[in-house]
Asker: 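Dumping the structure here so I can ask a few things about it.
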Amino acid sequence: VQLQASGGGLVQVGGSLRLSCTASGDTISNYHIGWFRQAPGKDREFLAGIGRRGSSTSYQGSVRGRFTISRNNVKSTVDLQMNNLKPEDTAVYYCARKKDNPAGGTNYDVWAYESWGPGTQVTVSS
């Protein structure tokens, strides 16, 4: 499966953006999907994850309450709704799928994911 993140852009502080993750080569409903970001000079970090049926979600503490992950398996997308954006949210955002056998990795471990596609830039201006 190949995953593609889209929907990034330039937004002012306090604004909102909705990112979408789409798949090619397989149906996205077959995978647990995570959203991540990487700011210049920083490591890639986990933001949110969602199980295959959408009933199980997980969030990194700094985005909980501001970001919401959801999936629509009919439309074959996994979205990340981002509200009350802050300058520190500026980064390249990626989606990826959780490995079938992540060897003990949790939903929060970047290394437990694969099929990274090109990211989408989010810039929050103050």
Side-chain angles (χ1 to χ4, degrees):
V1 64
Q2 293 79 45
L3 299 174
Q4 174 75 54
S6 62
L10 175 64
V11 63
Q12 292 186 333
V13 169
S16 298
L17 278 176
R18 189 176 184 90
L19 306 183
S20 287
C21 179
T22 55
S24 59
D26 199 355
T27 178
I28 204 168
S29 62
N30 288 337
Y31 304 101
H32 178 118
I33 299 294
W35 276 98
F36 305 79
R37 69 186 177 193
Q38 187 165 18
K42 294 188 177 181
D43 293 336
R44 190 167 298 186
E45 63 174 345
F46 169 84
L47 299 174
I50 189 165
R52 285 179 289 180
R53 297 182 179 180
S55 57
S56 173
T57 59
S58 50
Y59 293 93
Q60 186 223 92
S62 69
V63 304
R64 188 186 303 274
R66 295 193 300 126
F67 292 9
T68 302
I69 190 170
S70 62
R71 69 188 307 152
N72 186 323
N73 286 338
V74 174
K75 295 183 177 180
S76 295
T77 64
V78 174
D79 293 346
L80 186 68
Q81 176 67 41
M82 307 187 296
N83 298 328
N84 190 23
L85 285 163
K86 306 175 181 180
E88 52 264 42
D89 294 319
T90 295
V92 179
Y93 284 67
Y94 302 87
C95 59
R97 68 109 161 175
K98 193 174 179 185
K99 296 177 182 177
D100 294 332
N101 295 294
T106 71
N107 292 347
Y108 303 87
D109 294 319
V110 174
W111 60 264
Y113 291 80
E114 62 185 5
S115 301
W116 301 90
T120 186
Q121 176 71 46
V122 172
T123 303
V124 184
S125 64
S126 56

Asker: Hydrophobic clusters here meaning ILVMFWY residues chained together by side-chain heavy-atom distances under 4.5 Å, can you tell me if W35 and Y94 are in one?
Answerer: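 As far as the 4.5 Å side-chain criterion goes, Y94 and W35 are not connected within one cluster.
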Asker: Do W116 and V110 have side-chain heavy atoms sitting under 4.5 Å apart?
Answerer: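 W116 vs V110: side chains touch.
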Asker: Could you tell me whether the side chain of R71 and the main chain of G54 form a donor-acceptor pair under 3.5 Å?
Answerer: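 The answer is no, because no donor-acceptor pair under 3.5 Å joins these two groups.
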Asker: Consider only side-chain heavy atoms of I, L, V, M, F, W and Y, link residues closer than 4.5 Å, and tell whether F46 and Y59 are in one cluster.
Answerer: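 Different hydrophobic clusters.
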Asker: Once ring-ring contact (aromatic ring centres under 6.0 Å, His included) is applied, do any residues pair with Y113, and if so which ones, sequence neighbours excluded?
Answerer: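 Only F36 meet the ring-ring contact (aromatic ring centres under 6.0 Å, His included) criterion with Y113.
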Asker: Mark yes when over 12 heavy atoms from residues, nucleotides or ligands other than E88 sit less than 6.0 Å from its CD; otherwise mark no.
Answerer: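 Count over threshold, so yes.
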Asker: Within a strict 4.5 Å, meaning less than it, do heavy atoms of the D89 and R66 side chains meet?
Answerer: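 When only atoms from C-beta onward are counted, R66 and D89 do touch, with a gap below 4.5 Å.
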Asker: Scan for disulfide bond (SG atoms under 2.5 Å apart) pairs involving residues 35-126, sequence neighbours excluded, and state none if there are none.
Answerer: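 Checked against disulfide bond (SG atoms under 2.5 Å apart) - neighbours excluded - the pairs reaching residues 35-126 are C21-C95.
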Asker: Is any side-chain heavy atom of V78 closer than 4.5 Å to a side-chain heavy atom of I69?
Answerer: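 In contact.
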Asker: With no hydrogens and no angle check, is any side-chain donor or acceptor of N73 less than 3.5 Å from a backbone partner on R52?
Answerer: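 Yes, because the side chain of N73 sits within donor-acceptor range (under 3.5 Å) of the backbone of R52.
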Asker: Please report the interatomic distance OG(S126) to CG(L85), rounded to the nearest 0.5 Å.
Answerer: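 Result: 13.0 Å between the selected atoms.
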Asker: To the nearest 0.5 Å, what is the distance between OG1 on T68 and CZ on R18?
Answerer: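 Result: 8.5 Å between the selected atoms.
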Asker: Just so I know, are the side chains of Y31 and D26 near enough to count as touching, which here means a heavy-atom distance under 4.5 Å?
Answerer: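 Side chain of Y31 against side chain of D26, heavy atoms only: contact under 4.5 Å found.
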Asker: Is the backbone of T90 close enough, under 3.5 Å, to the side chain of T123 for a donor and an acceptor to pair up by distance?
Answerer: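 Between the backbone of T90 and the side chain of T123 there is no qualifying donor-acceptor contact (under 3.5 Å).
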Asker: Within the structure provided, determine whether S125 and L10 are in side-chain contact (heavy-atom separation under 4.5 Å).
Answerer: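 A side-chain contact exists here, since the closest heavy-atom pair is under 4.5 Å.
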Asker: How far apart are the closest heavy atoms of I28 and A23, and which atoms are they?
Answerer: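 Closest approach of I28 to A23: CB-CB, 3.9 Å.
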Asker: Out of L80, T120, V122, which one pairs with L17 under the side-chain contact (heavy atoms from CB on, under 4.5 Å) rule?
Answerer: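 Only match with L17 under side-chain contact (heavy atoms from CB on, under 4.5 Å): V122.
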Asker: For the residue pair N83 / Q81, report whether a side-chain donor-acceptor contact shorter than 3.5 Å exists.
Answerer: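 Looking only at side-chain atoms, N83 and Q81 do form a donor-acceptor pair, the distance falling under 3.5 Å.
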Asker: Hey, what do you get for NZ (K99) to NE2 (H32), rounding to the nearest 0.5 Å?
Answerer: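 K99 atom NZ to H32 atom NE2 measures 13.5 Å (nearest 0.5 Å).
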Asker: Below 4.5 Å, heavy atoms only, C-beta onward: do V63 and E45 meet side chain to side chain?
Answerer: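 Not touching, per the 4.5 Å side-chain cut-off.
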Asker: Got a second to check how far L3's CG is from E114's CD, nearest 0.5 Å?
Answerer: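 It is 9.5 Å, given to the nearest 0.5 Å.
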Asker: Do K98 and N107 come close enough that some side-chain heavy atom pair is under 4.5 Å?
Answerer: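 They are in side-chain contact.
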Asker: Could you tell me whether the side chain of V11 reaches within less than 4.5 Å of the side chain of S16, counting heavy atoms only?
Answerer: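 Answer no - side chains too far apart.
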Asker: Could you give the distance from OG1 (T106) to CH2 (W111), rounded to the nearest 0.5 Å?
Answerer: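 One finds 7.5 Å between OG1 of T106 and CH2 of W111.
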Asker: State the NZ-OG distance between K75 and S29, to the nearest 0.5 angstrom.
Answerer: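 Answer for the NZ-OG pair, K75 versus S29, is 15.5 Å.
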